[in-house]
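To start, the structure itself, in structure tokens.
When reading the values below, keep in mind they use all heavy atoms of this one structure, side chains included, and skip hydrogens, waters and symmetry mates. Letters A, B, ... are given to chains in the order of the sequence lines, protein chains preceding strands, and every chain is numbered from 1.
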There are 2 protein chains.
Amino acid sequence: MQNILIVDDEKDIVNALKIYLSDPDYRIYEAYDGKQALDIVEKEDIHLVLMDIMMPVMDGITALNKIRENSFVPIILLTAKGEDADKVLGLTVGADDYITKPFNPLEVTARVRSQLRRYLKYGSGNEDAGKITIDGIELDDATKQVLLDGNEIALTPKEYEILKLLMSNPGKVFSPREIYSIIWQEKPYGAENTVAVHIRHLREKLEINPAEPRYIKVIFGQGYKIEKRVYK
Amino acid sequence: MQNILIVDDEKDIVNALKIYLSDPDYRIYEAYDGKQALDIVEKEDIHLVLMDIMMPVMDGITALNKIRENSFVPIILLTAKGEDADKVLGLTVGADDYITKPFNPLEVTARVRSQLRRYLKYGSGNEDAGKITIDGIELDDATKQVLLDGNEIALTPKEYEILKLLMSNPGKVFSPREIYSIIWQEKPYGAENTVAVHIRHLREKLEINPAEPRYIKVIFGQGYKIEKRVYK
DNA sequence: ATCAGTTCTTAAGATATCTTAATAACAAAT
DNA sequence: ATTTGTTATTAAGATATCTTAAGAACTGAT
């Protein structure tokens, strides 16, 4: 028996998902905002969370981060098609998967099963999950290893997370405050400097010449980005 | 060639399943109640059983338990939608999977394939089932024995489980909280130190020099991992 | 009730990482 | 050219994490 929590403020969506996931093996829990979801995750032994991003009281991203504070339960985010994709990107760091509305029922069940399998048996099965490669940089989230032209380089946690954020959204520019909010999970107070220092350290490890970075570029007045592809 | 036994008192169901599973690689056997199923499993070398729960003469649950007395063949139970799901559930302990009627053909074939794969890979007949070896460490999940360079070492249950977790996912980094959640099956409250102590004990038993571990490495700020391979 | 083995807690010291602040270099606007 | 705001650099102090040890609490067996 597996316990699945569905979180969406639209009752119709919750009901549709309940039907897709009707299976004697699944016990379905429901919540209609992030706060309720949090309460249920605290009390019950939830094995999987399906959660909308846009919700009243507490949105999905906030709830996701709160849940992640002391649980590794798989979380699949539900996102509406047009839904402010840019804003959402990068914020979904802690999520295990996401599904865009409108749903394909088969896709929902497949992803749910896949996440449950991964969670219950601790062999993910999918070797390449969480690997990102951009040019000579290869980031493997499972092993937390980063290879630069095939050679492992050692990053500190903050460096690793910043690199992962940038590599997860190649080409997208993140302001220092944005980076700080996402990685540190707190208000970007006195953030610019701190982020700059970490960027510097990253460059020292990644770039041939940190003063003329090939990968981590700065857009003056906007922020940092990692190039999608470096032209040599 | 793989031998699949279909057990259902409704001939139509059996026929439908035969069509779904028509594959030159599968040889299909049929039975119409639990008693017949038992006879066939006794006589033939069956690799997978698909069995209804509600049947005359001998129901699926009873047959399941009888079969389990001396066989580990994968058994997928068939349950009708409304069929007292909750009551049935607790009884299906020995089953490997179940499928609810009405069937989705794709789902049937997928689950059958998945169970067969699991059985052939690790199943009976295979001596090495559940054995993991990484360099000099050999972990046998059947006997719960761990050999280090051929010599048995005694691990406590927690140590064993942590080692098994790490060895099941060589290279993958697990944070102490993650380890705690998985092994203890509860919220990782005050977990860091507890895990650290067990890691220490493991290292004392596994490593030549615990202060410079070859196998169980720490990734600062991230967690622990076991090396895929130790380069000497 | 005692014992041996296991697990948990605590805490100190060692090590690695992060933040801060001060300053320099740079880019854009006037 | 000057000004303003942004980004880069550096190093030292603050903080966090990891290791290790010792002993307390718990468990199951005798």
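Whole-Å rounding puts the B/N193 CG to D/dA22 P distance at 16 Å. Residue A/I199 contributes atom CD1, which lies 11 Å from atom P of D/dT7 at whole-angstrom precision. Atom P of nucleotide D/dG5 and atom CD of A/E192 are separated by 13 Å, given to the nearest angstrom.
Within the model, atoms OH of B/Y215 and CG of B/L148 stand 6.0 Å from one another, a figure rounded to the nearest 0.5 Å. Distance check: B/I182 CD1 to B/N169 CG gives 8.0 Å after rounding to the nearest 0.5 Å. Separating the CD1 atom in A/I132 from the NZ atom in A/K164 is a distance of 7.5 Å, to the nearest 0.5 Å.
Where B/W184 and A/Y180 each meet DNA chain C at their nearest nucleotide, the meeting point lying more 5' is that of B/W184. Of the residues near DNA chain C, A/T156 and A/F220, the one whose nearest nucleotide (by heavy atom distance) lies more toward the 5' end is A/T156. Checking A/H201 against A/I219, the closest nucleotide of DNA chain D that is more toward the 5' end is the one next to A/I219.
Look at A/R200 and you won't find any side-chain N or O under 4.0 angstrom from OP1 or OP2 of D/dT7.
Judged by distance alone, with hydrogens and angles left aside, the side-chain atoms of A/H47 form a donor-acceptor pair with the main-chain N or O of A/N3 at under 3.5 Å.
Checked by atom type, the side-chain pair A/D33/A/Q36 shows a donor-acceptor distance below 3.5 Å.
Of the options A/T79, A/D8, A/I13, A/D59, a side-chain contact (heavy atoms from CB on, under 4.5 Å) to A/D52 is made by A/D8 and by none of the others. Tested against A/Y224 for a side-chain contact (heavy atoms from CB on, under 4.5 Å), the candidates A/V173, A/I162, A/V195, A/L165 yield a single pass: A/V195.
Within the nucleic acid shown, A/Y224 comes within 4.0 Å of sugar-phosphate atoms alone, with no base atom in reach, counting heavy atoms only. Among the protein residues, A/Q222 comes within range of the sugar-phosphate backbone only, with heavy atoms under 4.0 Å from sugar or phosphate atoms but none that close to a base. Among the atoms of the strands shown, base atoms are found under 4.0 Å from some heavy atom of A/T194.
By the 6.0 Å contact criterion, CD on A/E204 is enclosed, its count of non-hydrogen atoms from other residues, nucleotides or ligands being greater than 12.
End-to-end axis angle for the helix from C/dA1-D/dT30 to C/dT30-D/dA1, using five pairs per end and rounding to 10°, comes out at 40°.
Relative orientation of the B/H201 and B/H198 rings is perpendicular, given thresholds of 30° and 60° on the angle between their planes.
Taking 4.0 Å as the cutoff to heavy atoms of chain B, we find the contact window on DNA chain C bounded by C/dT6 to C/dT17.
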